[in-house]
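One structure follows; several queries about it will come next.
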Amino acid sequence: MLSFKSLIDEIENNIHKILDELSVSDISFSVEPAKPGFGDASSNVSFLLAKQLKKNPKEIADMLSAKFEKSQNTLVSRVESHPSGYLNFFADWEKLNQLILSESNLDEFGSVDLGKNSTMIVEHTSVNPNKALHIGHIRNIIIGDTIARILKKSNFKVNVLNYVDDSGLQVADIIVGFRHFNFPLQPPLGKKFDHYCGDDVYVETTEKYEQDPSLDEIRKNILKELEDGTSETAQFADKITRQVLENQLETCWNLGVFYDCLNFESQIIRSGLWRKIFEKLKEMFLVEFETEGKNEGCWVIRGDNNEEDKVIVRSNGTATYIAKDIPYAAWKLGLLEDPFNYQKYEKIQPGNHVLWQTTLASSNEPKQNFTAEKVITVIDSRQARLQKIITTLMSKFKSANDAYVHLGYESVTLSADTAQTLGLNTDGKQAQMSGRKGLYVNADSVYDLLKNKTMEETKKRHSEMSDDEIKKIAHIVSVGTLRYEMIKQDLDKIITFDMTKSLSLEGDTASYIQYTHARASRIIEKSQRCPSIDVDFSLLTDASELDLVKTIGLFDSNVMNAAQNLSPKVVARYCHDLAVSFNSFYEHVKVLDLGDRKLENSRLCLVNSFKLTLKKALDLLGIVAPDKM
RNA sequence: GGACUCGUAGCACAGUCUGGAUAGUGCGAGCGGCUUCGAACCGCUAGGUCGAGGGAUCGAAGCCCUCCGAGCCCUCCA
């Protein structure tokens with residue numbers, strides 16, 4: 001890949017050669033894009049040599065820069081030894097412009113080969129199918145989807161899975177509601193079925209438990225019946241959860257999130273995978289039977305150092321929650337024989353991206369393979385302890401100890417103001433969402449709110465547009481805004497969601513970034529020319545132009561960083577950097593009506609490179625780059 | 001009590017993995033910029049003992065230790 005990294009590589013190679021001449025080795029110096037005002041790339045190598053050579057960094061920098069001037073340089077035009085001791089390098093911009101701008105016109109620009117075409121599973125979403133998705137689930141979904149996109153760009157063969165937890169207590173609760181409290185199967189007019197199940201059936205049913213503890217018996221019985229697939233209750237529950245799942249998927253698809261396969265917990269339970277993995281655990285002495293103490297009669301996994309033992313099989317012989325995750329994790333890594341058949345999901349995903357689902361029944365479709373060498377499971381960090389147990393177990397089953405990765409993230413909480421609008425006074429503190437208490441902001445309503453807002457904004461600017469066109473743009477901007485809010489900060493920072501502040505369209509937002517793309521598109525459109533890379537690159541000399549080229553050239557480095565660290569925000573920040581750089585360029589130099597066609601063409605080439613690169617970078621975030629907005 | 005995470009400007013966050021120059025961005029505040037390729041924009045100003053203390057280092061927001069504050073987990077719940 002030819003990009004800014006070519007310059008960095010050249011500098012690194014030449015420094016290495018100089019160090020060899022000096023017979024110095026084992027120095028892991030860095031060469032990085034320079035801060036503004038310090039050239040184009042900088043190295044700290046003189047600091048690291050200071051001790052060995054017993055000279056101060058500045059003397060070493062002087063010596064190195066003199067030697068560097070004599071080495072084979074094609075992309076470096078000049079070296080400077082800064083009084084601080086840094087070596088600052090200045091690029092030959094005519095060559096670098098050509099290199100970066102030509103490369104940026106290729107489809108695979110920004111791709112890196114971290115994965116070497118190896119297989120990878122990204123599992124995300126994994127929500128109980130008893131309610132609509134809320135803003136907390138959306139964080140999970142967007143992180144997972146973005147990671148999958150970044151890993152694909154990094155040459156991993158990625159399969160995206162959604163684990164549908166359709167046999168747990170939460171599902172039992174709405175079944176109790178339908179069966180014992182006679183909630184009608186039809187939602188009120190105009191309400192989606194998933195909203196109805198979550199807002200009404202689930203919340204009101206759990207309320208009743210509090211008033212009448214004797215209902216617990218009913219709940220347990222329902223749960224038991226769910227595990228037996230042949231029971232009438234289980235088949236009824238299957239109908240209900242399938243309908244909720246379909247509604248949840250509609251929400252995901254609307255946000256540009258797609259899957260490769262749906263795995264159902266109920267099927268994993270009925271598949272017998274648990275018995276197999278339990279035998280294996282026993283053979284490997286990873287579980288122990290407790291004959292005394294508080295866990296008497298249970299099978300447990302011993303806790304590390306100070307941690308408590310974890311019960312995985314109760315004294316009555318039933319498996320606990322974590323136990324269900326163990327066979328699934330092993331299945332994902334291909335450690336167990338696959339008991340499933342596969343069929344296509346009933347509804348077609350937008351874009352015709354095929355969606356499979358597991359089944360225990362026979363199927364006319366060929367057997368699929370969704371297992372992978374590495375697995376990333378996106379689950380919020382409140383489950384870190386359980387996930388750690390799974391990770392440890394998997395590392396004992398499979399020699400590679402990073403084969404199973406729990407990608408954790410902090411939760412989404414509600415701001416005091418937003419909690420208040422939902423009827424909860426928190427004394428100015430943020431509040432945890434709760435499905436059971438009905439305290440959440442659901443994803444569909446956030447999207448609707450954003451869409452109305454963006455439609456108004458778009459109308460203001462484009463009185464000439466048809467309603468259809470305005471809706472299309474509003475959709476793109478709303479989805480972008482929501483997605484960007486969910487990944488622009490680090491995974492281990494809590495997001496405090498506020499109905500008004502989080503939906504801003506100004507500042508560090510998706511719409512700011514999308515706007516620059518629209519600006520670039522308009523310039524190209526107005527030029528009435530097809531941008532070409534057959535231009536005079538030496539004409540691009542303004543600081544704002546070179547800065548933009550440089551930022552474009554850093555695309556692949558950012559993709560690599562994001563993929564290595566499983567950090568979607570790296571790409572988000574890169575998109576923002578690109579937009580800032582373009583806006584600065586836009587203010588500083590004009591592209592059209594210069595009366596100098598050669599210069600116009602050079603700048604058009606730059607504008608087009610920016611546009612192509614931003615589009616690719618936004619695509620990694622699942623954000624669409626509009627030509628008008 | 002133990003595990004994990006966080007603490008950087010009034011607020012929300014980058015930068016910490018991989019130590020080096022002048023600690024960045026957005027919101028908010030103050031001022032300025034559309035007869036000009038789109039103002040969902042741009043420029044300028046003010047605002048910081050990088051939670052506290054100690055240590056190793058020529059050099060710390062970053063590494064190590066201790067402490068303080070916040071969150072979260074620690075069920076034969078899921």
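Throughout, protein chains are lettered first and strands after them, A, B, ... in sequence-line order, and every chain is numbered starting at 1. For the numbers below, each heavy atom of this structure counts, side chains included, while hydrogens, waters and symmetry mates do not.
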Sugar-phosphate, base or nothing in reach of A:Ser381, heavy atoms under 4.0 Å: nothing
Sugar-phosphate, base or nothing in reach of A:Lys460, heavy atoms under 4.0 Å: nothing
Sugar-phosphate only, base, or nothing, as touched by A:Ser30 at under 4.0 Å among non-hydrogen atoms: nothing
Nearest-angstrom distance, C1' atom, B:G2 to B:G19: 32 Å
Phosphate OP1/OP2 of B:C77: any A:Lys220 side-chain N/O under 4.0 Å: no
Toward the 5' end of RNA chain B, by each residue's nearest nucleotide, A:Val311 or A:Ile494: A:Ile494
Donor-acceptor side-chain pairing of A:Asp490 and A:Tyr409 below 3.5 angstrom: no
Ring pair (Phe, Tyr, Trp, His ring centres under 6.0 Å) against A:Phe585, all qualifying residues, sequence neighbours excluded: A:Phe582
Spacing of the P atoms in B:A3 and B:C67 (rounded, Å): 11 Å
B:C50 versus B:C63 - spacing of their C1' atoms, nearest Å: 16 Å
B:A21 base / A:Asn88 side chain donor-acceptor hit below 3.5 Å: yes
Pair assignment for B:U5, Watson-Crick or G-U wobble, requiring both distances under 3.5 Å: B:A70
Exercise: do A:Ser411 and A:Asp380 side chains pair donor with acceptor under 3.5 Å: no
Per-pair stack call A:Tyr86 and B:A21, 5.5 Å, 30°: yes
Touch class at under 4.0 angstrom, heavy-atom based, for A:Ile322 against every strand present: nothing
B:C27 phosphate, OP1 or OP2, under 4.0 Å from A:Tyr512 side-chain N/O: no
Atom NZ of A:Lys501 with >12 non-hydrogen neighbours under 6.0 angstrom: no
Donor-acceptor pair (no angle test) under 3.5 Å: A:Ser42 side chain, B:A21 base: yes
Sugar-phosphate, base or nothing in reach of A:Arg522, heavy atoms under 4.0 Å: base
